[in-house]
Each structure stands twice: as C-alpha cells, then as structure tokens.
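Accompanying notes for the structure given below.
Predicted model only: the values in this text are computed from it and were never measured. Heavy atoms only: backbone and side chains are in, while hydrogens, waters and symmetry mates are out.
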Amino acid sequence: MSIPSFGVGTFRLTGQTVITSVRSALDLGYRAVDTAQIYGNEAEVGQAIAESGIKRSELFVTTKIWTDNYARNKLVPSLRDSLDKLRTDYVDLTLIHWPAPGNGVELAEYMAALADAKALGLTRQIGISNFNIELTRQAIAAVGKNEIATNQIELSPYLQNRKLASFLQEQGITVTSYMTLAYGKVLKDPVLARIAEKHQATVAQVALAWALQLGYAVIPSSTKRENLASNLLARDLRLDAEDMAAIAQLERNGREVDPAGLAPDWD
C-alpha cells in the first residue's frame, strides 16, 4: 500500500465548516482525508464521508492518536472510538501525532500499541508525525522500517526540512507535508508569484506542485470550494529546474508549529 500524494486536511475546521469542506473535496475528486483525535472533528468528517455516497474502499482516511491515549492500554480503545465517530470499521492510516517526550509513555510502548492496532485490523497502515531523525530511528527500531508508512511534518517553501526529508526518503518512508502554504504566508511571496505568473497558475498551486515534485504527499485544506478545486490542479503543474532552484532559495526556517512539551528538538 502507498500514501496518496494529494489529500484534504481538516486542521482547525469544525462543525458544519468541516462537513462542507470535506463534502466539497470529495465532490471535486479528492479521495484522501486527513483528521486527528485532537481536531475534535472526526464525527463530522465521518458524516461528510457517509453523505458523499462514495464507497469506503475508494477512500483513504487518516487519523492521529492524541498524547492522552499513548499508553498501551489506551491507544487501541481510543482508536476504536475514532472509528465509531468516523463511521468506519478501519482507517487506512493511523499516526502518532506528536512524539511528546517526557509525557510518561515511552516511544517503544506507544509504537508497540500502534502496531497492535494494525494487527487487530483497525488500521491498514501506521506512521508518525512531527518526529525528528533520532526519534524516527527509535520508531524504526521499535516496529521495523517497513512498518512506518509516513512521517507527517511541517514543510513549506519557508521550512524545507531538507535533512529530515532526505533521511526519510532514504529509509523509504513517505514524507507528508502539512502547512505547505505556511498559514498562507507563502501566498504573498514575490518569487512564487513570478513563477505562478510564468505558468499561469496560482501561488498555492506552485507551492503544492513544488512539494509534489520533491516526492512529498500534501494535505492542504480550505473552506472554499473554489480553492479546493484550484489546489487540485497543482497535480498537473510541472515546474522547471529554474523554478525549483528559485524556490530552494526561499528557505528561512519558517516554522509555524512548535508546541512546548509536544515537539522534539528539531533537526
């Protein structure tokens, strides 16, 4: 199995907003949906999927285990609860949301619990999110390299995370980029704007196409149907070597998400 290269994210979307967003995305042709326990929207995502009428087998649903549920006696029950909310018997991918060093549960324990969930058929694939190189090595040691489908990390033209991304690709672990538009900050970038004008594309399409051409999966979100439709066109945009070189120069360690107590020491 593999990770879809393009999906719709649901971070910070709740209530009717997330239902409408996911329904619109599915109507437009998206078939991968990313959510998480802490987002508080799994039930609404499940409702949107149910109302779409699309066969479950045609969809790829990802959720993430929150730190409160890392203990081996809590992770599987919490995932069963997520499945109830999502109205499904399984998810396609379950991630550990943050490494949360020092929260009282050792990495080996929560990775083993995640492997338990897969063995029980509750999730087709397992992975990690926001792990640095050293913690990824520990996760590999705990469950095996071939068991870790992806590391979902913040990654944008302003935070290119080359060292970590290169390590993951060497290990055969898919890089999933979240916050690819850096909370919209890259949309005002003049370099990206020039590239977008050259290709008669949007700046968002350029940023997403850049990530896709580097071999990353992307999960952009939007509350607007027209933006969801526009983002999807990034799959057909081909940037040339000059474009990619120009974007490579935009690196500024522009991290947007770095929660104390949850995040590792970044590479």
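Separating the NZ atom in K224 from the OG atom in S21 is a distance of 12.5 Å, to the nearest 0.5 Å. Rounded to the nearest 0.5 Å, atoms CD1 (I173) and OG1 (T136) are 6.0 Å apart. Atom NZ in K74 sits 7.0 Å away from atom CG in D68 (nearest 0.5 Å).
The nearest pair of heavy atoms linking S221 to T10 is CB-N, 4.4 Å. T180 and A211 make their closest contact through CG2-CB, 4.0 Å (heavy atoms, listed as atom of the first residue, atom of the second, distance). Minimum interatomic distance between Q125 and S2 (heavy atoms only, all atoms of both residues): NE2-O, 3.6 Å. Of all heavy-atom pairs spanning L93 and G127, the tightest one is CD1-N, 4.1 Å. L26 and R31 get closest at one heavy-atom pair: O-NH1, 2.9 Å. Contact detail for A246 and I195: the closest heavy-atom pair is CB-CD1, 4.3 Å.
Judged by distance alone, with hydrogens and angles left aside, the side-chain atoms of Q205 form no donor-acceptor pair with the main-chain N or O of L237 at under 3.5 Å. Judged by distance alone, with hydrogens and angles left aside, the side-chain atoms of N161 form no donor-acceptor pair with the main-chain N or O of L155 at under 3.5 Å. At distances below 3.5 Å, not a single donor-acceptor pair connects side-chain atoms of K64 with backbone N or O atoms of T94. Judged by distance alone, with hydrogens and angles left aside, the side-chain atoms of E154 form no donor-acceptor pair with the main-chain N or O of M179 at under 3.5 Å. Checking side-chain atoms of R23 against main-chain N and O of T20 turns up no donor-acceptor pair under 3.5 Å.
Using a 4.0 Å cut-off between charged side-chain N and carboxylate O, D89 and R56 make no salt bridge. Between K85 and D81 there is a salt bridge, since a side-chain N of the basic residue sits under 4.0 Å from a carboxylate O of the acidic one.
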I'd like a table of donor-acceptor pairs (distance under 3.5 Å, sequence neighbours excluded) in which one partner is a side-chain atom from residues 107-122, with atom names and distances.
from, atom 1, to, atom 2, distance (Å)
E109, OE2, R72, N, 2.9
Y110, OH, P99, O, 3.2
D116, OD1, R72, NH2, 3.0
D116, OD2, R72, NE, 2.8
D116, OD2, R72, NH2, 3.1
K118, NZ, E147, OE1, 3.0
K118, NZ, E147, OE2, 3.4

Could you walk me through whether T63 and S82 pass side-chain hydrogen bond (donor to acceptor under 3.5 Å, both in side chains), step by step? CA-CA 8 Å; T63 195; S82 292; 4.7 Å; no

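Between the side chains of Q152 and D34, a donor-acceptor pair is found at a separation under 3.5 Å.
Partner of H97 under the ring pair (Phe, Tyr, Trp, His ring centres under 6.0 Å) criterion, chosen from F11, Y178, W66: W66.
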